[in-house]
Asks: 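My questions all concern the structure below.
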Protein chains: 2
Amino acid sequence: MVLAGDDAVMRPRLGRAPSTTHADLSHTALRLFMEHGFDATTVEDIAREAGIGRRTFFRYFPSKNDLPWGDFDRLLEGMRDHLASMPDELPLMEQLRRSILEFNRFPESEWEYHRRRMDLLLHVPTLLAHSTLRYASWRQVVAEHVARRLDLPEDDLIPQTMAWTCLGVCLAAYEQWLGDADAYLLDLLDEAFRLIDERIDTDIVRAHRSSHA
Amino acid sequence: MVLAGDDAVMRPRLGRAPSTTHADLSHTALRLFMEHGFDATTVEDIAREAGIGRRTFFRYFPSKNDLPWGDFDRLLEGMRDHLASMPDELPLMEQLRRSILEFNRFPESEWEYHRRRMDLLLHVPTLLAHSTLRYASWRQVVAEHVARRLDLPEDDLIPQTMAWTCLGVCLAAYEQWLGDADAYLLDLLDEAFRLIDERIDTDIVRAHRSSHA
DNA sequence: ATACTAATGACACTCAGTGCCGTTAGGGAA
DNA sequence: TTCCCTAACGGCACTGAGTGTCATTAGTAT
């Protein structure tokens, strides 16, 4: 479903076969989280339910917190490529808007699953805290693109601020989405992006660049 | 220094006297964090160094992660009041800029301490993750003000997005500050705010409000 | 059948955080 | 002074996440 990933695709012909997959573990765990809550579900519960040892669990996921993330890294690579392939004529914010919307596009059959997953990630304190670390890579992808496009260093104030802003816009839209069972995520994201649109205007960027030469 | 707090100010006349203070524990801990690193310092180390029992430590701070925060909640109350006292004539972004700068103003004697503290909070993964939970209250204060000022619900997309944006601006500025030993925090914050300035313009807000009546 | 190899799972360990409960050290009242 | 009341302390035992070590298992190739 969400985890297509590397499991089971091409197993090397040597050694014992893996006894489960990332996707399987993730789905089992999410079911338990929904049923009993995140905190009340122990890693041992998950391992038992999945029919593996507790120790083996930690060979699939570095922590309990990573379970609901699916293959975020692969999606993120997709966004990076999408950004890189944007035509230069397009305004920067429009490039970002399009790629970020693409990053958040899922087949309708997965909407409910995605909603439950994001509800966990944004409403369980432990997971919310952990999410910061994932979003740091997301921001980095945005910042790299902005930096390249504006010809500024990646760690410059402007790319970093724009990356934070994009993240904030997305998370605000996600909260709206989670709060309204009938809402469409992409519509909300689109609306949120229109709020900021071309907020960093060209003159400011030019002035900034020359003052930091 | 940073923790003026409630300790020692007016102890009720009954019962055993506390054997330490929040400020004392916090400073001791920060010293150990600087010397040996956050992860390598155990709660037991801190308690021993402070001359209290491990169990007592957890009566002062709910977790090891809370040690570097000082009395963030009191500062935050200050920012809430500052925002509430802003003259109505001032543009919204200007109100936010002024109050947020005020929130980040410290006496020069504390700059070095503040720098080391923030370096921990933003660069130690565990603390960075935990910071999300603190910043949620910070964003809430900003969102409340924006909502009041624009006559929108607090959980509306606009206040939430603006709150996220302000947070992002601040954190991007903080990163710049931490990366340059000679930089001035307030200057960087000011510069970062100028980048976004009056980004949510009046027409957009009006259109948004009427479409969500 | 045997050898090689990768995944597994059991065990022991560290550390954060919590519940429980007896102990300690203050101040007030007799 | 002595006794009492009370809040803070601190020891103990426990849960649960995460890690290092190592023997075992189950595949494939020879």
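Values below: all heavy atoms of this structure, side chains included; hydrogens, waters and symmetry mates excluded. Residue numbers start from 1 in every chain, and the chains themselves are labelled A, B, ... in the order their sequence lines are given, proteins ahead of strands.
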Asks: Does B/Y174 have its ring centroid less than 6.0 Å away from the ring centroid of B/W177?
Replies: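 Centroid distance B/Y174-B/W177: below 6.0 Å, so yes.
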Asks: Does A/K64 count as lying over the ring of A/F38, i.e. NZ or CZ under 6.0 Å from the six-ring centre, within 45 degrees of the axis?
Replies: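 That pair qualifies as a cation-pi contact.
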Asks: Rounded to whole angstroms, how far apart are CZ on A/F58 and P on C/dA10?
Replies: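 Rounding to the nearest Å, CZ of A/F58 and P of C/dA10 are 15 Å apart.
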Asks: So, does A/S19 get its side chain near the phosphate of C/dA7, meaning an N or O under 4.0 Å from OP1 or OP2?
Replies: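 No, A/S19 has no side-chain N/O under 4.0 Å of OP1/OP2 on C/dA7.
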Asks: Please determine, for the side chain of B/I52, which listed nucleotide (D/dC9, D/dG10, C/dG9) has the closest atom?
Replies: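 Among D/dC9, D/dG10, C/dG9, the one nearest the side chain of B/I52 is D/dG10.
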Asks: Roughly how many Å is it from NZ in B/K64 to C1' in C/dT18, rounded to a whole number?
Replies: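 My rounded result for the distance is 17 Å.
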Asks: Is the B/Y184-B/W111 ring centre distance short of 6.0 angstrom?
Replies: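 So the answer is yes for these two rings.
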Asks: Kindly state which residues belonging to residues 30-43 of chain A come within less than 4.0 angstrom of DNA chain D, counting heavy atoms of the residue only, listed by number.
Replies: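 Only A/T41, A/T42, A/V43 qualify.
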Asks: Between A/W69 and A/H22, is the ring centre distance below 6.0 Å?
Replies: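 Here the rings of A/H22 and A/W69 have centres that are no less than 6.0 Å from each other.
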Asks: Using only modelled atom types and a 3.5 angstrom limit, is any donor from either the side chain of B/R55 or the base of C/dG17 paired with an acceptor on the other?
Replies: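 Such a pair does not exist between side chain and base.
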Asks: Relative to the 5' end of DNA chain D, which residue comes earlier, B/R59 or A/R59, by the nucleotide with the nearest heavy atom?
Replies: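 So the residue in question is B/R59.
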Asks: Can you tell me which nucleotide in D/dG18, C/dT5, C/dG9 comes closest to the side chain of A/L14?
Replies: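 Looking only at heavy atoms from C-beta outward on A/L14, the closest nucleotide is C/dT5.
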Asks: What pair of heavy atoms forms the shortest contact from A/R80 to A/E144, and how long is it?
Replies: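 Looking at all heavy atoms of both residues, the closest pair is NH1-OE1, 2.7 Å.
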Asks: Could you check how far CG of B/L25 sits from P of D/dG10, rounded to whole Å?
Replies: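 Taking atom P of D/dG10 as the reference, CG of B/L25 is at 11 Å.
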Asks: In whole angstroms, how far is the P atom of D/dG18 from the CG atom of A/N65?
Replies: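 So the two atoms are 6 Å apart, to the nearest Å.
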Asks: How close or far is atom C1' of C/dA16 from atom CZ of B/F61, stated in whole angstroms?
Replies: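 Atom-to-atom, B/F61 to C/dA16, this comes out as 16 Å.
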Asks: C/dA16 P sits how many Å from B/F57 CZ, rounded?
Replies: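 Checked: the CZ to P distance equals 9 Å.
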Asks: Taking the side chain as C-beta and beyond, is there a heavy-atom pair between B/E175 and B/H123 under 4.5 Å?
Replies: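 Contact flag for B/E175/B/H123 side chains = yes.
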Asks: Check if the side chain of B/R16 and the base of D/dG10 share a donor-acceptor pair of N or O atoms closer than 3.5 Å.
Replies: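 It does not, because no donor-acceptor pair links the side chain of B/R16 to the base of D/dG10 below 3.5 Å.
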Asks: Looking at A/S63, does any N or O in its side chain come under 4.0 Å of the phosphate oxygens OP1/OP2 on D/dA17?
Replies: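 Checking A/S63 against D/dA17: no side-chain N or O falls below 4.0 Å of OP1 or OP2.
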Asks: Are any of A/Y60's side-chain N or O atoms less than 4.0 Å away from OP1 or OP2 of C/dA7?
Replies: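 A/Y60 to C/dA7 OP1/OP2: no side-chain N or O under 4.0 Å.
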Asks: Using the ring of each side chain (for Trp, its six-membered ring), is A/W164 parallel, tilted or perpendicular to B/W164, with breaks at 30° and 60°?
Replies: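 Parallel, since the angle between the ring planes stays under 30°.
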